[in-house]
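As C-alpha cells, the structure follows; a few thoughts come after it.
None of these values were measured; they are calculated from a predicted model.
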Amino acid sequence: MHRSPSQWDKIAQNIAEVSGVEVSRDADMAGRVSYKAGGKARVFIEPHDADELAASLKAASAHNISIVALGAGSNLLVRDEGFEGLIVGMRRGFTTLVMEGNEIESGAGIMLPRLARDASDVGLGGLTWAVGIPGSVGGAACMNAGTKLGSISRILVTAEIMDLKGNISRIDAKDMGFGYRKSRLRGNNEILLKARLRLSSAESQALNAEMDAIIGERRAKMPLAYPNCGSVFTNPPGESAWRLIADCGLQGKKAGGAEVSRKHANFIVNRGGAKASDIVSLIGTIQSSVYEKTGVRLEPELQIL
C-alpha cells in the first residue's frame, strides 16, 4: 500500500509515543549496510531493550506495515526507491553476553567476530569459523550463517524470539527450521533477541592461531577492499556458485559502480558510487547468463527490500 509522507509522519509519531523509542523518518540505509548503497527506510528505530521493541512492533503492526530486523546489514540491500515499512536496528540494545560453563547466551546485536574472540579468551571453541563473518548473531541465526568449518545451527541450543505482536518465546534449535542459509526467521515475522550456544573446551592460544589463519585466508581469497555483501548466491546442490559464474566469463562485468569481482566470482563489489539498481542489475545478469549456459538457476543469499 502506498502511503503519503504525512501518513508516514503519523505512523512514526505513533510508534514514538507508544514505545518511547527515537524514530527516524526516511532514514538513510546505505550507511547502515555493508554495500554502502541503496535507498531509505520510511521509518527506522533502534530500541534499547525488549520492552521498547515490543511496544514498537505492536504499534507498527496496528498500521499493517512491513517490518524487517537489521543486524550488521551485511546481507541486506534496500532498493533505491526506498523501503515502505519499518526497519528495526538491533545493534544498540541487544548486546548482552552471559557465559555459563560451556554455554554462551548472546544478544542478537553482538557481532560474530567479537563473539568468537570472547569465547576464545575463556577457552571455548566451536566458533572459530565465525571470526571472518561480518554479521551479527541475529543475522547469523536468521540465515544459518556458516562456512565449511561450522555453522550457527550446529551450536545453537535455544533461541529467544519475539513475534510482531511483541510476544516472547524460547524455542529449541530443532524448532528453528534450519536449512542451508535459511531458518524460520527469514520470513520476517519473528525477531531473534538472544541465542544460547553450546561450545566446547579448548586452548585459547590454539583457537586464536586458528582464527588468525582463517582471517588470512579470507583476505587472500576475497575482495575485502571494496564494500560487498559476501557471497551473493547460495551454492546449488553439488555445484559452486563462484565456479558457475566464472565459467560464464562474468568476472569484471560492470553495471554502474558495481562489478562482479575478479578476485572471487560470487562477490559483487561496490567500486565506488554504486546504486542498489546497479547491484540488482548484475544479479539479474548473472542469473540469466548462468541459466542460459548451464540450466542452473542461482538463488541470491542477499535480501533485497
Side-chain angles (χ1 to χ4, degrees), residues 1-94 108-109 135-136 138-143 161-168 177 181-193 229 275-280 283 300-305:
M1 178 192 299
H2 176 75
R3 292 176 171 86
S4 68
S6 62
Q7 287 176 311
W8 281 113
D9 288 341
K10 290 179 181 178
I11 291 171
Q13 182 179 358
N14 178 238
I15 293 172
E17 290 174 347
V18 168
S19 67
V21 71
E22 182 180 348
V23 180
S24 299
R25 277 278 287 115
D26 286 329
D28 172 61
M29 298 308 297
R32 294 183 170 94
V33 301
S34 63
Y35 257 129
K36 305 305 177 189
K40 299 178 178 180
R42 296 293 168 259
V43 185
F44 177 78
I45 62 172
E46 291 184 288
H48 292 87
D49 54 38
D51 290 339
E52 285 188 356
L53 175 60
S56 299
L57 294 180
K58 289 177 186 176
S61 297
H63 292 284
N64 194 31
I65 63 174
S66 298
I67 302 169
V68 171
L70 174 71
S74 56
N75 212 34
L76 186 141
L77 182 69
V78 177
R79 290 184 185 269
D80 298 320
E81 298 80 7
F83 175 62
E84 298 288 314
L86 167 68
I87 293 184
V88 182
M90 297 293 289
R91 297 273 313 277
R92 175 170 290 183
F94 298 86
S136 67
C142 180
M143 291 291 299
I161 60 175
M162 180 180 289
D163 66 22
L164 299 188
K165 294 182 179 179
N167 302 310
I168 296 175
R181 299 296 173 264
K182 65 180 181 180
S183 76
R184 63 185 277 174
L185 302 178
R186 283 211 72 174
N188 294 324
N189 294 317
E190 296 167 316
I191 296 175
L192 183 89
L193 305 181
C229 75
K275 297 179 179 180
S277 56
D278 298 332
I279 297 164
V280 173
I283 288 173
E301 285 189 33
L302 177 68
Q303 183 180 10
I304 302 171
L305 302 182

Is the closest side-chain heavy-atom distance between [X] and [Y] below 4.5 Å?
X	Y	value
Val88	Pro47	yes
Ser136	Phe94	no
Val43	Val23	yes

Measure the [atom1]-[atom2] distance between [X] and [Y] for me, rounded to the nearest 0.5 Å.
X	Y	atom1	atom2	answer
Leu185	Leu192	CG	CG	6.0 Å
Ile191	Met162	CD1	CE	7.5 Å
Cys142	Gln303	SG	CD	6.5 Å
Leu53	Leu57	CG	CG	4.0 Å
Arg32	Met29	CZ	CE	6.0 Å
Ser56	Ile15	OG	CD1	6.5 Å

(message) Under the criterion side-chain contact (heavy atoms from CB on, under 4.5 Å), I'd like the reasoning laid out for Ile168 against Ile161: C-alpha separation, chi angles, the key distance, then a yes or no.
(response) CA-CA 6 Å; Ile168 296 175; Ile161 60 175; over 6 Å; no
Side chains of residues 62-79: which donor-acceptor partners sit under 3.5 Å, not counting sequence neighbours?
from, atom 1, to, atom 2, distance (Å)
His63, NE2, Asn14, OD1, 3.0
Ser74, OG, Pro134, O, 3.1
Asn75, ND2, Glu301, O, 3.1

(request) Check Cys229 against Ser34 and note the closest heavy-atom contact, atom names and distance. (result) CA-OG, 3.8 Å
(request) Could you give me the CA-CA distance, side-chain angles and deciding distance for Tyr35 and Leu302, then say whether side-chain contact (heavy atoms from CB on, under 4.5 Å) is met? (result) CA-CA 11 Å; Tyr35 257 129; Leu302 177 68; 4.1 Å; yes
(message) Please list all pairs meeting salt bridge (Lys or Arg N to Asp or Glu O under 4.0 Å) that have one or both residues in residues 14-28, counting only residues at least two apart or in different chains.
(response) Asp9-Arg25, Asp26-Arg42
(message) Per the salt bridge (Lys or Arg N to Asp or Glu O under 4.0 Å) rule, what does the pair list look like for residues 43-55, sequence neighbours excluded?
(response) Glu46-Arg92
(request) Check the surroundings of atom NZ in Lys182: do more than 12 heavy atoms from other residues, nucleotides or ligands lie under 6.0 Å from it? (result) no
(request) Output all residues satisfying side-chain contact (heavy atoms from CB on, under 4.5 Å) with Lys165, sequence neighbours left out; order by chain, then residue number. (result) Asp163, Asn167
(message) I'd like to check the side-chain contact (heavy atoms from CB on, under 4.5 Å) partners of Ser24; sequence neighbours left out, ordered by chain and number.
(response) Ala27, Phe44
(request) Could you please spell out the steps behind the side-chain contact (heavy atoms from CB on, under 4.5 Å) verdict for Leu164 and Glu190? (result) CA-CA 6 Å; Leu164 299 188; Glu190 296 167 316; over 6 Å; no
(request) Only counting residues at least two apart or in another chain, list the ones meeting side-chain hydrogen bond (donor to acceptor under 3.5 Å, both in side chains) with Ser183. (result) none
